[in-house]
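First up is the structure itself, then whatever we jot down about it.
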Amino acid sequence: EDILIGWGACLIDLKQFFSARSILEHAITINPYSILANKNIASAYAAIGEIDLAIKALKVAQLSTDPNIIIDCVYQEGMLHILQENYAKGWRAHEMRLQALNFPQKKLLLNTKFDIDSINEHDNILVFQEQGIGDLLQFARYLPMLYSKCKNIDLAIIKNEYSESHKQFLFDNLKHCIRDIYVQKENVIPNIYSHSISLMSLPFYFKTRENNIPPPIEWKATYNDTRDIIGICWQGSIHNLNDSARSVPINTIKTFIEDNPQQQFISLQLNYYKELEGLSNLVQDSHGLSGLQNTLNIITQCKLIISVDTMIAHLAAGTGKPVALLHCLSPDWRWGMS
């Protein structure tokens with residue numbers, strides 16, 4: 001049993017999910033209630049789109065006596081329910097992540113339970129960014145809803161090399177509903193808040209269902225002059241643990257652009273790719289993409305955006321431009337299955 005579980009885990013690390021499923025299913029025939037076998041096979045099932053089987057396996061893994069495993073499995077189950085657009089169960093289980101020992105913003109949490117019905121317009125609320133800039137752009141749509149209940153909202157964003165640019169962009173676009181913006185681990189956040197909450201928890205507290213998802217923030221471009229050009233983004237951050245499952249190989253992109261010589265493309269990648277030099281129908285302007293505002297200005301010139309699951313897709317959504325999203329067989333929970 002132990003050998004099979006270890007073998008299956010290695011296959012998952014190698015992204016060989018169908019083989020991992022076969023090995024781990026054999027482990028489960030030996031011990032149907034093996035915590036690790038069920039926890040690992042849930043990852044394999046989810047990766048190949050067998051979501052119901054993944055949830056069933058996670059239910060078994062939650063029988064563990066290890067609270068960390070229980071927390072992680074409930075959190076994973078929540079993401080799978082959201083993927084299936086079962087929001088009532090999904091958002092509630094998704095909140096379990098706040099209980100994890102390695103939750104990165106524990107110091108910003110005044111309380112893991114946030115009572116949205118008890119706040120009033122005179123309270124001071126700190127909303128903090130929890131994950132990537134794409135999540136910040138996607139879930140910012142909830143800030144106007146929170147502002148309708150409380151007029152004193154500050155935002156704490158995660159520090160990175162573009163923090164100051166992001167801070168200015170966000171303030172320019174959200175100043176109607178937030179008071180101030182701080183950079184985590186850089187700015188001193190005042191001790192004035194009666195409540196603090198992760199931006200990604202707001203869908204739970206506003207009881208988000210399929211029929212009441214708020215529209216995205218309409219990001220303000222400096223100019224909007226649509227041209228006959230397609231913006232294309234084929235890779236997210238290489239530091240993302242799931243990057244190999246979402247990014248497209250550079251040779252595939254090169255072939256795609258070469259096979260469409262009648263169409264003009266512009267790269268929405270921050271890096272310059274020597275492999276794409278000499279393609280007459282591709283513009284690579286990495287300098288013009290420095291900062292969210294410059295990137296937004298380029299997006300607004302495009303008639304269509306083709307993007308993998310990364311910040312570009314979320315930013316483009318706020319422009320009203322059509323976006324063709326490329327994702328793996330089993331998409332990230334943020335996109336749903338439909």
Side-chain angles (χ1 to χ4, degrees), residues 1-87 89-97 99-103 131-132 134-135 200 234-249 252 308-310 325-338:
E1 178 190 340
D2 290 341
I3 291 171
L4 291 170
I5 291 171
W7 187 2
C10 290
L11 290 169
I12 289 173
D13 287 342
L14 293 169
K15 311 298 182 185
Q16 297 179 21
F17 299 113
F18 286 95
S19 296
R21 177 188 64 177
S22 178
I23 295 299
L24 290 167
E25 282 178 344
H26 188 41
I28 289 172
T29 62
I30 298 173
N31 180 4
Y33 293 98
S34 167
I35 301 301
L36 287 180
N38 278 281
K39 186 176 186 298
N40 289 346
I41 203 171
S43 298
Y45 282 144
I48 59 180
E50 295 181 344
I51 307 303
D52 289 335
L53 288 176
I55 291 174
K56 183 179 178 181
L58 287 169
K59 292 287 191 185
V60 177
Q62 288 167 35
L63 298 175
S64 171
T65 57
D66 185 335
N68 295 316
I69 290 179
I70 296 171
I71 288 169
D72 187 51
C73 289
V74 174
Y75 174 35
Q76 289 185 51
E77 182 187 345
M79 290 187 285
L80 294 177
H81 281 303
I82 297 171
L83 176 62
Q84 292 184 317
E85 299 178 29
N86 184 358
Y87 295 129
K89 286 184 178 180
W91 291 121
R92 179 175 295 279
H94 185 251
E95 287 299 285
M96 184 62 80
R97 74 199 188 283
Q99 307 291 338
L101 292 175
N102 61 350
F103 182 72
Q131 298 186 29
D135 291 305
M200 296 177 72
W234 58 88
Q235 183 173 11
S237 170
I238 59 173
H239 302 296
N240 187 295
L241 295 177
N242 198 42
D243 186 62
S244 62
R246 66 171 179 173
S247 293
V248 179
T252 302
V308 295
D309 172 12
T310 189
L325 180 72
L326 309 177
H327 59 63
C328 56
L329 176 63
S330 181
D332 184 85
W333 61 270
R334 295 158 181 81
W335 303 108
M337 295 292 286
S338 57

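Position 1 is the first residue of the sequence, and the numbers go up from there. What you see is a predicted model; the values in this text were computed from it and never measured.
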| remark: d(Ile71 CD1, Gln62 CD) to nearest 0.5 Å is 11.0 Å
| field | Nearest heavy atoms of Ala57 and Ile41, plus distance in Å | value | CB-CG2, 3.7 Å
| task | Could you walk me through whether Met96 and Ile70 pass side chain to side chain contact (heavy atoms under 4.5 Å, CB included), step by step? | result | CA-CA 9 Å; Met96 184 62 80; Ile70 296 171; 5.6 Å; no
| field | Over all atoms of both residues, closest heavy-atom pair of Arg97 and Met200 | value | NH2-C, 3.7 Å
| Side-chain (Asn38) to main-chain (Tyr33) donor-acceptor, under 3.5 angstrom | no
| query | Do Ile12 and Phe17 have side chains that get closer than 4.5 Å, going by heavy atoms? | reply | yes
| Inter-residue atom distance Leu4.CG - Leu36.CG, 0.5 Å rounding | 13.0 Å
| Any side-chain heavy-atom pair from Ile28 and Val60 closer than 4.5 angstrom? | no
| message | Within the structure provided, determine whether Leu53 and Arg21 are in side-chain contact (heavy-atom separation under 4.5 Å). | response | no
| Worked check of side chain to side chain contact (heavy atoms under 4.5 Å, CB included) between Gln99 and Val74 | CA-CA 11 Å; Gln99 307 291 338; Val74 174; over 6 Å; no
| Separation of Leu24 CG from Ser34 OG (nearest 0.5 Å) | 8.5 Å
| task | Taking all non-hydrogen atoms of both residues into account, name the closest pair between Ala20 and Gly8 and its distance. | result | CB-O, 3.7 Å
| task | For atom CG of Leu14, decide whether the heavy atoms of other residues, nucleotides or ligands shown that lie under 6.0 angstrom number more than 12. | result | yes
| Should the ring pair Trp91 and His94 be called parallel, tilted or perpendicular, given that the plane angle runs from 0 to 90° and is split at 30 and 60? | perpendicular
| said: I want to check something: taking the side chain as every heavy atom from C-beta on, are His81 and Ile55 in contact at a cut-off of under 4.5 Å? | reply: yes
| task | Compare every heavy atom of Ala93 with every heavy atom of Gly78, then report the nearest pair and how far apart it is. | result | CA-CB, 3.5 Å
| Would a 4.5 Å heavy-atom cut-off, applied to side chains only, mark Trp333 and Gln76 as touching? | no
| For Ala9 and Asn40, which heavy atoms make the closest approach, and how far apart are they? | CB-ND2, 3.9 Å
| said: Measuring from atom CD of Glu50 to atom CG of Leu80, what distance do you get when rounded to the nearest 0.5 angstrom? | reply: 12.5 Å
| Check ion pair Asp309-Arg334 (N to O, under 4.0 angstrom) | no
| message | Rounded to the nearest 0.5 Å, what separates atom CZ in Arg92 from atom CG in Asn86? | response | 12.0 Å
| query | If every non-hydrogen atom of Pro331 is compared with every non-hydrogen atom of Leu83, which pair is closest and at what distance? | reply | O-CD1, 3.6 Å
| note | Distance col, row Asn68:CG vs Leu101:CG, nearest 0.5 angstrom, shows 4.5 Å
| query | Within the distance-only criterion (no hydrogens, no angle test), does the side chain of Ser22 pair as donor or acceptor with the backbone N or O of Ser19 below 3.5 angstrom? | reply | no
